[in-house]
There are 4 protein chains.
Amino acid sequence: MVISEHDVPVRAGRPRDPACDAAILQATLDLFAEHGYSGVSMDGVAARAGVGKATIYRRYSSKAELVVEAVRCGAQLEDRLPDTGDLRADLISMMRPLLDRLRGDDAKAMVMFAVERLREPELAEEFDRSVIGKKREHIRHLVRSAIERGDLPADSDADLIAEAPGAFLWHHAIYNLPMDDALLGRIVDLVLPRPT
Amino acid sequence: MVISEHDVPVRAGRPRDPACDAAILQATLDLFAEHGYSGVSMDGVAARAGVGKATIYRRYSSKAELVVEAVRCGAQLEDRLPDTGDLRADLISMMRPLLDRLRGDDAKAMVMFAVERLREPELAEEFDRSVIGKKREHIRHLVRSAIERGDLPADSDADLIAEAPGAFLWHHAIYNLPMDDALLGRIVDLVLPRPT
Amino acid sequence: MVISEHDVPVRAGRPRDPACDAAILQATLDLFAEHGYSGVSMDGVAARAGVGKATIYRRYSSKAELVVEAVRCGAQLEDRLPDTGDLRADLISMMRPLLDRLRGDDAKAMVMFAVERLREPELAEEFDRSVIGKKREHIRHLVRSAIERGDLPADSDADLIAEAPGAFLWHHAIYNLPMDDALLGRIVDLVLPRPT
Amino acid sequence: MVISEHDVPVRAGRPRDPACDAAILQATLDLFAEHGYSGVSMDGVAARAGVGKATIYRRYSSKAELVVEAVRCGAQLEDRLPDTGDLRADLISMMRPLLDRLRGDDAKAMVMFAVERLREPELAEEFDRSVIGKKREHIRHLVRSAIERGDLPADSDADLIAEAPGAFLWHHAIYNLPMDDALLGRIVDLVLPRPT
DNA sequence: ACATAAGCGAGACGGTACGTCTCGTCTTCTG
DNA sequence: CAGAAGACGAGACGTACCGTCTCGCTTATGT
């Protein structure tokens with residue numbers, strides 16, 4: 001029996017040092033958190049990571065790409081998709097992790113990531129498909145289920161409701177509007193009919 | 001006899017050349033639309049406008065300020081702030097120009113501006129103060145008036161309603177969701193109680 | 001009467017700062033003398049001269065060009081061309097300044113200059129015509145005069161004798177052979193018949 | 001039983017590949033002739049020779065050493081050192097190969113090598129020790145022998161005569177002076193007393 | 001009427017970051 | 001173990017840009 005040798009192409013030469021990967025990303029995240037995007041300099045990252053500049057450019061072809069990747073990796077964007085039958089609760093529990101991140105230390109990083117998403121079409125597609133898309137589709141599914149159950153009027157605008165969580169949370173994050181815990185409730189109150 | 005010394009301060013010496021103002025802003029807008037914020041360079045603007053750099057810095061104290069002003073002026077963001085007493089109509093009429101621009105040829109520039117706003121903290125403050133702030137405040141005023149008139153329940157979330165137009169429109173623009181004329185109606189339908 | 005305004009083209013803009021010219025050349029010479037060609041770095045020159053790198057590159061398009069020019073200017077290559085009727089004395093007095101320079105602190109710089117001469121054909125022509133050429137031609141003239149006077153045999157190889165001073169001195173300098181005062185006498189003794 | 005451990009040290013393991021030696025030197029010479037010393041890069045040599053960089057550094061400890069060796073081997077600078085008892089003939093026969101090379105296709109490489117020798121101190125030492133030194137010393141030996149034989153006056157300047165061939169030939173090559181066959185005779189005629 | 005204050009085009013200046021390149025070493029895998 | 005491939009730390013190179021600063025000239029005002 002032959003093991004498929006195409007899966008890992010067995011690259012010749014010395015393999016990339018994983019410790020460098022980590023050091024670079026960590027240094028980038030640190031500098032980014034401390035001084036913002038323009039405060040990240042390649043020489044700075046290299047120095048802080050104890051790494052040559054070439055070692056960075058071997059992995060990322062530009063500062064923008066480096067920062068995006070650092071943030072993406074640093075902020076593990078994987079969420080659960082709940083479906084309990086209680087639309088309000090499901091929506092709130094889906095919004096919660098995003099709210100937390102947009103409120104925490106990673107906020108800048110998150111926003112930065114959203115920014116680069118727009119500058120790199122490929123990144124956008126990948127991101128939308130794998131992260132945003134699923135959540136949006138799941139919310140649409142939840143809303144339609146609620147309509148079928150009779151919890152929501154038949155003429156509810158499922159599509160627009162599905163956009164509301166992302167739209168409001170990002171909007172608040174971007175414009176530095178208050179991001180307290182009550183916000184989630186206010187959002188569902190606004191876009192869903194009050195339960196009688 | 002009264003000398004109006006406040007209106008136009010009657011500066012001595014040669015007055016600023018209005019043609020320069022126009023040339024500078026136009027060159028800035030062109031470069032911004034073509035290459036984004038970082039593609040705008042002061043030397044580039046000066047060259048394209050046929051103007052010395054000092055002439056630019058005499059008007060704007062930094063690149064961020066210049067770009068903000070250029071986009072603001074170029075996109076005519078000084079919209080009318082209607083107050084007819086019909087909240088639905090007022091909201092729709094306030095959203096219309098933004099929708100049109102986000103749909104039109106300037107869409108790219110608008111989105112890029114929003115993007116760059118996030119990359120450069122200096123840009124963000126400028127933008128928020130001069131562009132966003134007034135509209136948001138006006139919508140809040142409209143909603144509160146509607147509540148006072150009894151057109152809206154007393155417990156309506158005026159603040160959140162005021163965010164809805166911007167939040168949804170930008171969200172749709174950024175994620176390439178449909179931007180048809182019906183969108184405006186759907187938004188107000190979602191966040192305002194249906195008129196009985 | 002109209003002064004011809006074409007002579008000095010009245011360049012627009014701020015004129016180059018002569019203090020920078022001086023500072024740059026001096027810093028270059030210093031570093032070159034201390035650490036050799038590879039010890040000259042553009043950042044180092046800039047720092048030592050208290051000048052931005054752009055200010056250097058505005059004047060010299062590369063490190064090589066900068067160093068050549070620094071050496072050329074620093075080592076004022078203008079010599080007298082004596083003609084006393086005493087060939088031995090004339091030759092020695094023509095060799096003396098070159099010997100001194102090749103022996104002194106500028107030695108490295110001189111050699112360096114000779115090197116760059118070979119790398120840049122244009123520089124070579126200019127140099128040969130204005131500096132080397134004249135001296136070589138003058139020596140040929142002196143030798144021919146000596147032959148006419150009968151101080152030298154009629155079949156003397158004037159051309160080769162004219163090369164001897166340069167050939168030997170540079171050879172000694174390049175190969176770190178002794179450059180004492182006696183050398184000049186030894187050279188003329190070798191290539192000129194001993195006076196009886 | 002005696003094991004000859006001195007002649008070929010009988011190294012354990014795989015022996016060095018002679019094909020690598022050749023490929024490395026050839027690639028180095030090619031690059032050197034085409035782009036000069038600074039145009040030779042270790043990565044470039046490795047790529048062109050189809051060889052790993054370690055394979056080069058196992059043979060030569062630095063770029064300077066590699067280039068020196070390449071030029072020395074390529075130009076076959078290990079000339080014979082004749083000693084026939086006829087000083088004129090010996091000198092001419094020692095100059096001949098250098099003249100030929102300085103006239104031939106390798107002229108550029110030779111001159112460039114001499115040039116680069118001066119730019120990189122490391123190069124200079126290598127070159128002088130291994131190439132120049134031996135020949136100079138041999139000529140000195142020949143001249144002293146001629147003096148002992150009485151073919152040359154006792155007060156002849158052996159050291160300076162020993163420099164003449166190199167000094168004049170390189171001087172002519174560098175300054176594009178005529179390099180015809182007669183040159184060799186003219187040089188010995190100038191620095192050696194005519195045979196009566 | 002003419003000095004003076006300011007605007008203007010051009011471009012030099014100090015500083016800083018970028019992205020590329022090379023050197024000489026180190027690390028892996030294959031023959 | 002040699003060799004091919006190539007990653008690694010260090011650091012110089014030459015470019016681009018920012019925001020400031022001179023130049024020499026032009027244009028209004030105000031006395």
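Labels below follow one simple rule: chain letters A, B, ... track the order of the sequence lines, proteins then strands, and each chain is numbered from 1.
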Phosphate contact (E/dC8 OP1 or OP2) by B/Arg59 side-chain N/O below 4.0 Å = yes
Do any side-chain atoms of residues 42-56 of chain D form donor-acceptor pairs under 3.5 angstrom with protein atoms, and if so which ones, sequence neighbours left out?
residue	atom	partner	partner atom	Å
D/Arg48	NH2	D/Glu34	OE2	3.3

note = Within residues 40-52 of chain A, the residues having a heavy atom closer than 4.0 Å to DNA chain F are A/Gly50, A/Val51, A/Gly52
query = D/Tyr57 ring centre to D/Lys63 NZ or CZ under 6.0 Å, with the angle to the axis within 45°?
reply =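 Geometry flag: not set, cation outside 6.0 Å or 45°.
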query = Taking atom C1' of E/dG7 as reference, at what distance in whole Å does atom CG of B/Asp21 sit?
reply = 12 Å
task = For C/Ile56 and F/dA16, give me the distance from atom CD1 to atom P, rounded to whole Å.
result =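 Nearest whole value for this atom pair: 17 Å.
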inquiry  = What is the distance, to the nearest angstrom, from the OH atom on A/Tyr60 to the C1' atom on E/dG19?
reply    =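 Atom-to-atom, A/Tyr60 to E/dG19, this comes out as 17 Å.
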task = Measure the distance from CG on C/Leu66 to C1' on F/dA12 and round it to the nearest whole Å.
result = 14 Å
ask   = For the atom pair CD1 (A/Ile24) and CG (A/Leu29), what is the distance rounded to the nearest 0.5 Å?
value =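 Taking CD1 in A/Ile24 and CG in A/Leu29, the distance rounds to 12.5 Å.
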message = As a quick check of understanding, evaluate side-chain contact (heavy atoms from CB on, under 4.5 Å) for A/Arg59 and A/Cys20, giving each step before the final call.
response = CA-CA 10 Å; A/Arg59 290 163 166 74; A/Cys20 286; 3.6 Å; yes
query = How close or far is atom C1' of F/dA4 from atom OH of D/Tyr57, stated in whole angstroms?
reply =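 Checked: the OH to C1' distance equals 16 Å.
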message = For a quick test of reading the model: is some side-chain N or O of D/Thr55 closer than 4.0 Å to OP1 or OP2 of F/dA4?
response =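 Checking D/Thr55 against F/dA4: at least one side-chain N or O falls below 4.0 Å of OP1 or OP2.
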ask   = E/dG7, F/dG3, F/dC18: which one has an atom nearest the side-chain heavy atoms of B/Arg58?
value = E/dG7
inquiry  = Is the shortest side-chain heavy-atom distance between C/Asp17 and C/Asp21 below 4.5 Å?
reply    = no
Atom pairs under 3.5 Å, N or O on each side, protein against nucleotides 21-23 of chain F: can you list them with distances?
residue	atom	partner	partner atom	Å
F/dC21	O2	C/Arg14	NH1	2.8

ask   = Between E/dC18 atom P and A/Glu65 atom CD, what is the distance in whole Å?
value =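 Answer to the nearest Å: 14 Å.
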inquiry  = If the cut-off is 4.0 Å, is B/Arg16 near the phosphate of F/dT26, judged by side-chain N/O to OP1 or OP2?
reply    = no
task = Write down the atom of B/Glu65, the atom of B/Tyr60, and the distance for their closest heavy-atom approach.
result =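 Looking at all heavy atoms of both residues, the shortest contact is OE2-CA, 3.8 Å.
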ask   = What's the CG-C1' distance between D/Asp17 and E/dG31, to the nearest Å?
value = 12 Å
